[in-house]
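Residues: numbered from 1 along the sequence shown.
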Amino acid sequence: MTKTAAIIGGGVIGGGWAARFLLNGWNVRVFDPDPQAGRKIGEVLDNARRALPMLYDCALPDEGTLTFHASIAEAVNDADWVQESVSERLDLKHRVFAGVQAANPAVPIGSSTSGFTPFELQQGATDPARIMVTHPFNPVYLLPLVELVPSPATDPEAVDTCKAMLTSLGMYPLLVRKEIEAHIADRLLESVWREALWLVNDDIATTGEIDNAIRYAFGLRWGQMGLFETYRIAGGEDGMRHFIAQFGPTLHWPWSKLTDVPDLTDTLIDRIAAQSDAQSGHLSIRQLERKRDGNLIAMMRALRQQDNATGRLINAHQQALRAPLSDSAPLISQDRVIPVDWTDLNGHMNEGRYGQIFSDAADAVLAHVGAGEDYIASGLSYFTVETTTKYLAETHAGERVRVQTRITEGQGKKLRCAHELIRAADGEVLASCDQLMIHVSLQTRRSCAPDPSVADRVASLATLHASG
């Protein structure tokens, strides 16, 4: 049964939440009195529809239905989850919670607040046990972290429900065990932000130089290893203890101004704004968002290959999303979106990635006939010995494609597949591949007869495909 999320507040964060739910198959009901809310959420959705599917090697669920509503009560009716994303005004949030709980008393409510504690949010609520902090990061449709902050008054069952829901959306719920203003991540970001403001204020560095210091050095380290694990390596063979012994004394040196904030005078604001314009004022916000999303996709896909950090999270979510093949003529061996890092200077998918997608299709077929990972671990597999690929039409990043596969030969040691790469939108055949595989022993690296159960499955499919 399709679940429903109600989004209260349709700005950048609310729109990101709407996209994350919609693209994972939820219906979404939005309340936002802003007459521009539909346009704003639509633009966020355009970005999300292009970006999120590129992270995966399989199709996302069918998109849910998005509707806009004239009142909170109408939006939250029969909702399974409510995500509040209104402005950071405590009185406004309290009015939202009162309206939600009057209309749907049992629904769990998550707040996107970046600063308020759940204790503050729960004050005056009809049922404080259903309210908690679920603080995401922009873009919500791509970045997986959600700081999940309950208070002692929050129902543990509601917290468990929230964790399971966020995980099913491909997100990472970080349970913050103690209430604190600004939670965890924003406190760290605030520290870097304060230091950066001082560097600009004191005319030590420009906004561009500061950004380069981050993106060419520790930003890359943090993105795949975080802070403490990075410093553990910096300690050499003796690890963290040696690092602290070596660099701990520097914490007492007057390097930091973390307890001070420069006065945000008109002069300083003008300087920051002018330097920021010089950096990227030639690009619109939408162009910057596309650039950001493309970079994030490429980096997260690289982490997928290493099964590390966000890559591990995406791999686990993909396992939950991927539906097993069913016997059909032909088999749908791939159903996915072309990612941005598969394209070349001409702007279309390069020829090496055609080989990749047909190889992935063959892997899906092998798993379907019982020659997947466990079979390989037993010492048996199929090796490709010959392919003939025809490139018939272009395909570009963001396009959804399918591979249809027929087994055209399936006797003895031979397994031959005929693949067709098809654009989902119009059914155009983009490429074809004839692939011959031979069954081998991984011990001898020589051809050998397949296991009888695999041989039977291959032969059965070959018969089905010959008559289909």
A.B. asks: Quick check on side chain to side chain donor-acceptor pair (under 3.5 Å): which of Q83, H135, E84 does S112 satisfy it with?
C.D. replies: Q83

A.B. asks: I need the minimum non-hydrogen distance between M54 and R301, along with the two atoms involved.
C.D. replies: O-NH1, 3.0 Å

A.B. asks: Looking only at atom types and distance, does a side-chain atom of R50 sit under 3.5 Å from a main-chain N or O of D293, one as donor and one as acceptor?
C.D. replies: no

A.B. asks: Measuring from Q356:CD to N350:CG, what's the distance to the nearest 0.5 Å?
C.D. replies: 10.0 Å

A.B. asks: Could you pull out the closest heavy-atom pair between G115 and E88, with the gap in Å?
C.D. replies: N-OE1, 3.3 Å

A.B. asks: Just by distance, do the side chain of Q287 and the backbone of S284 share a donor-acceptor pair under 3.5 Å?
C.D. replies: yes

A.B. asks: Considering only NZ, NE, NH1 and NH2 on the basic side and carboxylate oxygens on the acidic side, decide whether R221 and E229 come within less than 4.0 Å.
C.D. replies: no

A.B. asks: With a 3.5 Å distance limit and no angle check, can you tell me whether H183 reaches the backbone of T113 through a side-chain donor-acceptor pair?
C.D. replies: yes

A.B. asks: Scan side-chain atoms only and decide if H252 and T250 contain a donor-acceptor pair under the 3.5 Å cut-off.
C.D. replies: no

A.B. asks: Looking at every non-hydrogen atom in both residues, tell me the closest pair between A19 and Y141 and how far apart they are.
C.D. replies: CB-CB, 4.1 Å

A.B. asks: Quick one: CD on E181 to OG on S114, what's the gap to the nearest 0.5 Å?
C.D. replies: 12.0 Å

A.B. asks: Tell me if a side-chain donor or acceptor on R29 pairs with a main-chain N or O of E74 at a distance below 3.5 Å.
C.D. replies: yes

A.B. asks: Taking only Lys NZ, Arg NE, NH1 and NH2, and the carboxylate oxygens of Asp or Glu, determine whether D32 and K40 approach each other closer than 4.0 Å.
C.D. replies: no

A.B. asks: Any chance you could measure Q122, atom CD, to E179, atom CD, to the nearest 0.5 Å?
C.D. replies: 7.0 Å

A.B. asks: Does this structure show an ion pair linking D57 with R304, if we count only N-O contacts that are shorter than 4.0 Å?
C.D. replies: yes

A.B. asks: Any sub-3.5 Å donor-acceptor pair from D80's side-chain atoms to K3's backbone N or O?
C.D. replies: no

A.B. asks: Examine distances only and state if a side-chain atom of E147 and a backbone atom of A185 form a donor-acceptor pair shorter than 3.5 Å.
C.D. replies: yes

A.B. asks: Provide the closest heavy-atom pair for P150 versus L148 in the form atom of the first, atom of the second, distance.
C.D. replies: CD-O, 3.6 Å

A.B. asks: Identify whether the distance between the nearest side-chain nitrogen and carboxylate oxygen of E120 and K93 falls below 4.0 Å.
C.D. replies: no

A.B. asks: Measure from NZ or CZ of R336 to the centre of the six-membered ring of W342, then state whether that distance is under 6.0 Å and the direction lies within 45° of the axis.
C.D. replies: yes

A.B. asks: Decide if the gap between the ring center of H419 and the ring center of F358 is smaller than 6.0 angstrom.
C.D. replies: yes

A.B. asks: What's the separation between atom CD1 in I7 and atom CD1 in I41, rounded to the nearest 0.5 Å?
C.D. replies: 8.0 Å

A.B. asks: Hey, which of T134, I109, L166 is the one that makes side-chain contact (heavy atoms from CB on, under 4.5 Å) with W81?
C.D. replies: T134

A.B. asks: Which class fits the ring pair H396 and H348: parallel under 30°, tilted 30 to 60°, perpendicular over 60°?
C.D. replies: tilted

A.B. asks: Hey, what do you get for CG (N315) to OH (Y56), rounding to the nearest 0.5 Å?
C.D. replies: 9.5 Å

A.B. asks: With a 3.5 Å distance limit and no angle check, can you tell me whether R20 reaches the backbone of V140 through a side-chain donor-acceptor pair?
C.D. replies: yes

A.B. asks: Any donor-acceptor pair under 3.5 Å linking the side-chain atoms of T207 with those of Q279?
C.D. replies: yes

A.B. asks: Between R322 (side chain) and C58 (backbone), is there a donor-acceptor pair under 3.5 Å?
C.D. replies: no

A.B. asks: Grab the two heavy atoms, one from L175 and one from V159, that are nearest each other, plus how far apart they are.
C.D. replies: CD1-CG1, 4.3 Å

A.B. asks: Please determine if E190 and R187 form a salt bridge, counting it only when a charged side-chain N lies under 4.0 Å from a carboxylate O.
C.D. replies: no

A.B. asks: Please check if the side chain of E209 supplies one atom and the backbone of T206 the other of a donor-acceptor pair under 3.5 Å.
C.D. replies: yes

A.B. asks: May I ask you to say whether R457 pairs ionically with D327, meaning some side-chain N is under 4.0 Å from a carboxylate O?
C.D. replies: yes

A.B. asks: Would you check if the side chain of D186 reaches a backbone N or O of A182 as a donor-acceptor pair within less than 3.5 Å?
C.D. replies: no

A.B. asks: Please work out which of the three classes, parallel, tilted or perpendicular, describes the rings of H94 and F97, given edges at 30° and 60°.
C.D. replies: tilted

